[in-house]
Amino acid sequence: MKKQYNSTEFENKVWQILKRVPRGRVITYQALAQAIGCLQSARAVGNALHKNPWAPKVPCHRVVKSNGQIGGYRSGIRKKTALLKSEGVRVKDGKIVDFEKILYKF
DNA sequence: ACGGTGACGCTCA
DNA sequence: TTGAGCGCCACCG
C-alpha cells in the first residue's frame, strides 16, 4: 500500500500485531514492542499509534501501559476507557480491572 | 544532519 | 504510595 508519509516497517508491524488482539482483551505497549523485536521501543510504539493513519481500522484502544493503567489516547483516555468497557473490559479510575487476566499474550 | 516531541518504562527519593 | 528524573526508540520540521 502507499506510504502516507514514510515507509515504516515498524509501524506496519504495530498495526498488524494490534489487529490480532481479540476483542475484550488488551495488550501493553511493552508487549507490543517486544513482539516487534524492540523491547525498549514502547515509546516508539505509542508514537506509531498516535499517528496511525488507520485510526478506526486498528483497535488502538486495546493498547495499555505495562502497569495496567489505560495510558493515553489521541481522542482522550475517557473515550478509550469507554471503548474498553464496551468490549467487556472493566476499567477502574484509569486502571484495568483484572489486568493480567484480560491481557493478551502471543 | 540536528534537535524537539511523544498514546512509555523503570528507578530513586 | 505518589511524584520526579532519566533512558529508551521512532517520527517530524
Side-chain angles (χ1 to χ4, degrees):
Chain A
M1 48 198 80
K2 248 157 187 295
K3 48 190 181 179
Q4 311 206 350
Y5 45 98
N6 259 337
S7 46
T8 49
E9 196 79 26
F10 186 83
E11 293 170 333
N12 197 339
K13 225 26 175 143
V14 175
W15 342 105
Q16 211 66 72
I17 297 170
L18 188 51
K19 280 194 290 194
R20 44 198 271 202
V21 178
R23 181 174 165 288
R25 290 277 137 115
V26 296
I27 185 173
T28 68
Y29 293 94
Q30 187 69 84
L32 200 41
Q34 184 178 266
I36 296 170
C38 301
L39 179 63
Q40 325 287 101
S41 32
R43 210 168 199 180
V45 173
N47 211 340
L49 291 171
H50 183 210
K51 300 156 67 178
N52 95 325
W54 313 327
K57 312 274 196 180
V58 179
C60 348
H61 57 272
R62 291 184 194 149
V63 187
V64 297
K65 295 181 66 170
S66 62
N67 65 332
Q69 293 198 268
I70 297 299
Y73 200 59
R74 189 60 164 78
S75 307
I77 61 173
R78 218 217 78 84
K79 181 82 174 177
K80 186 171 181 176
T81 303
L83 285 166
L84 286 170
K85 292 173 89 172
S86 288
E87 297 193 344
V89 179
R90 282 185 286 295
V91 182
K92 182 77 170 181
D93 192 37
K95 295 174 277 293
I96 302 288
V97 180
D98 297 326
F99 170 59
E100 298 189 12
K101 294 183 180 180
I102 63 177
L103 178 60
Y104 178 75
K105 309 159 196 79
F106 300 100

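Treat the numbers as computed from the prediction; the structure is a model and nothing was measured. All chains are named by letter (A, B, ...) in the order of the sequence lines, taking the proteins before the strands, and each is independently numbered beginning at 1.
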- Task: Round to the nearest Å and state the distance from Tyr29(A) atom OH to dC10(B) atom C1'.
- Result: 17 Å

- Query: Can Tyr29(A) be reached from Leu18(A) by stepping across I, L, V, M, F, W or Y side chains whose heavy atoms are under 4.5 Å apart?
  - Reply: yes

- Query: Looking at the side chain of Asn47(A), which of dC8(C), dA7(B), dG6(B) is the nearest nucleotide?
  - Reply: dG6(B)

- Message: Just to be sure I understand the rule, does Ala42(A) reach a base, reach only the sugar-phosphate, or reach nothing, if contact means heavy atoms closer than 4.0 Å?
- Response: sugar-phosphate

- Just to confirm, is there a sub-4.0 Å distance from OP1 or OP2 of dA10(C) to any side-chain nitrogen or oxygen of Ser41(A)? no

- Task: Measure from CD on Glu9(A) to P on dC9(C) and round the result to the nearest Å.
- Result: 19 Å

- Linked, directly or transitively: Tyr104(A) and Trp15(A) (ILVMFWY side chains, under 4.5 Å): yes

- Message: Between P on dA7(B) and CZ on Arg78(A), what's the gap in Å once rounded to a whole number?
- Response: 19 Å

- Message: Rounded to whole Å, please give me the gap between NZ in Lys95(A) and P in dT2(C).
- Response: 7 Å

- Protein-nucleotide distance (Trp15(A), atom CH2; dA10(C), atom P), rounded to Å: 14 Å

- Select one nucleotide: of dA10(C), dA7(B), dC10(B), the one nearest the side-chain heavy atoms of Ser66(A). dC10(B)

- Message: Heavy atoms from C-beta onward define the side chain here; which of dG9(B), dA10(C), dA7(B) lies closest to that of Tyr73(A)?
- Response: dA7(B)

- Message: Using whole Å, what does the distance between atom P of nucleotide dC9(C) and atom CD of Gln40(A) come to?
- Response: 6 Å

- Send over the distance from Leu83(A) CG to dA7(B) C1', rounded to a whole Å. 14 Å

- Task: Apply the test side-chain contact (heavy atoms from CB on, under 4.5 Å) to residues Phe106(A) and Ile17(A): give CA-CA distance (whole Å), side-chain angles for both, the deciding distance (0.1 Å), then the verdict.
- Result: CA-CA 9 Å; Phe106(A) 300 100; Ile17(A) 297 170; 3.1 Å; yes

- Shared hydrophobic cluster for Val64(A) and Val58(A) (ILVMFWY, side-chain gaps under 4.5 Å): no

- Message: What is the separation between atom CG on Leu49(A) and atom C1' on dG6(B), rounded to the nearest whole Å?
- Response: 12 Å

